[in-house]
Amino acid sequence: MMTSTKLNAPSATPLLAWYDRHHRDLPWRVSPPMAAHGVRADPYRVWLSEVMLQQTTVQAVKPYFADFLARWPTVRDLAEATNDDVMAAWAGLGYYARARNLKKCAEAVATHHDGVFPDTEDGLKSLPGIGDYTAAAVAAIAFNRQAAVMDGNVERVISRLYAIATSLPAGKPLMKQKVALLTPADRPGDFAQAMMDLGATICTPKRPACSICPFRGSCEALRLHDPEQFPVKAAKKERPVRRGAAFVAVTADGEILLRRRIASGLLGGMTEVPTTAWTSRADGETSADAAPFPAQWEPCGSVIHVFTHFELRLSIYRTAIPSRIQTDDKWWEPVTNLEAQALPTIMKKAIATAIPLAFAMPKG
DNA sequence: TAAGCGTGGTA
DNA sequence: TTACCAAGCTT
């Protein structure tokens, strides 16, 4: 006789058992056996990794994490660094407001908290760049607080476990409630990391490996035979195209003209070559007419770069001049020193288009 | 609440 | 190739 499948009530226990066996080894992480002996990860490392991991893959973060930790081993070291050095070290990782807030947060901890991170969610959340997720993650992982950690992975796992059909972000409060009920008092940090590991390796967006999932006996979405339909997300919007021109000027001495972007907004505080405005207008300025100074500007290609909310198509112009030309709000930088600059990826692409060996030149 | 905010990997 | 997406925060 056919009977309906009976689900067990979800519990942290099988997840933690799975985590003990299958957890990922990551540079900022304390392994479960160590954690079981009361060893906690350094709050500075947990915070640094969590900020870097916001909307960013583990693979992309690893080299940046190692570099930051080597250069600034403690939060005080980071607080005493220059903004330029921090922005240059962050260059390429994206979402540069994170780097600006990282520096502000380090300064706040050093100045107002005696160099010690707050050990509560509320205390952490009051710091720059720390929101709901990061506050809960640091509180749970570094301080063993019973905080409900909810990121994209957890949203996916929870929405499937309970077959929550409410779309995101509207369904988030209900999901957070479910996570809070599931979070154990004894191993909250391991639980949070286990949920994220599960989301990253088993409960994946496409083709989840339900047959080996520790929640397979409790998952409502699996019982419905369609885990991929969760979580339900709002429809995405189309990505408009903007156009502009970028100008690469190089002197006979091998110096390139650079400038600093304004401190806020897109690529805020980062370094760039002079460009026109980036406009969605079909008749937008993309010619050499708007160059930073009169010269023989030669078109040398184009760069397409996809940002989160628009696609940028930059026409690249270059000129070679005998010596520096006086400009305001700009400076000349040796091409051999570009690696030390806070150049976002789009600008490295633009420069590499005009000077193919710009990032392959030996230093000094 | 919705929009703004990067980049590189993957299917 | 196009589209999606990866440990979100701020305004």
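Computed from a prediction, not measured in an experiment: that's the story for all the values here. Just the heavy atoms: all of them, side chains too, but no hydrogens, waters or symmetry mates, feed the values below. Throughout, a chain's letter reflects where its sequence line sits, starting with A, and its residues are numbered from 1.
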The side-chain contact (heavy atoms from CB on, under 4.5 Å) partners of T57(A) (sequence neighbours excluded) come to Q59(A), A60(A)
Contacts of E121(A) meeting salt bridge (charged side-chain N to carboxylate O under 4.0 Å, His left out) (sequence neighbours excluded), chain-then-number -> none
Other than V306(A), what residues sit in its cluster of Ile, Leu, Val, Met, Phe, Trp and Tyr side chains whose heavy atoms are under 4.5 Å apart, directly or through others?
-> none
Using chain A heavy atoms and a threshold of under 4.0 Å, write down where along DNA chain B the contacts begin and end, 5' to 3'.
-> dA3(B) to dG8(B)
For V39(A), which fellow cluster members are found when Ile, Leu, Val, Met, Phe, Trp and Tyr are connected by side-chain heavy-atom distances below 4.5 angstrom, either directly or through intermediates?
-> V30(A), M34(A)
The ring-ring contact (aromatic ring centres under 6.0 Å, His included) partners of W332(A) (sequence neighbours excluded) come to none
Sorted by chain and number, sequence neighbours left out, side-chain contact (heavy atoms from CB on, under 4.5 Å) with R24(A) holds for L26(A), R29(A), V58(A), D197(A), A200(A), T201(A)
For DNA chain B, the residues among residues 177-204 of chain A that have a non-hydrogen atom under 4.0 Å from it = none
For R242(A), all residues meeting salt bridge (charged side-chain N to carboxylate O under 4.0 Å, His left out), sequence neighbours excluded | none
Sorted by number, residues from residues 74-106 of chain A placing a heavy atom under 4.0 Å from DNA chain C are N101(A)
So does R156(A) get a side-chain nitrogen or oxygen closer than 4.0 Å to the phosphate oxygens (OP1/OP2) of dC5(C)?
-> no
Going by atom type alone, with no hydrogens or angles, which donor-acceptor pairs under 3.5 Å involve a side-chain atom of residues 172-179 of chain A and a protein atom two or more places apart or on another chain?
none

Check DNA chain C against residues 12-35 of chain A and give the residues with a non-hydrogen atom under 4.0 Å, in numerical order.
-> R24(A), L26(A), W28(A), R29(A)
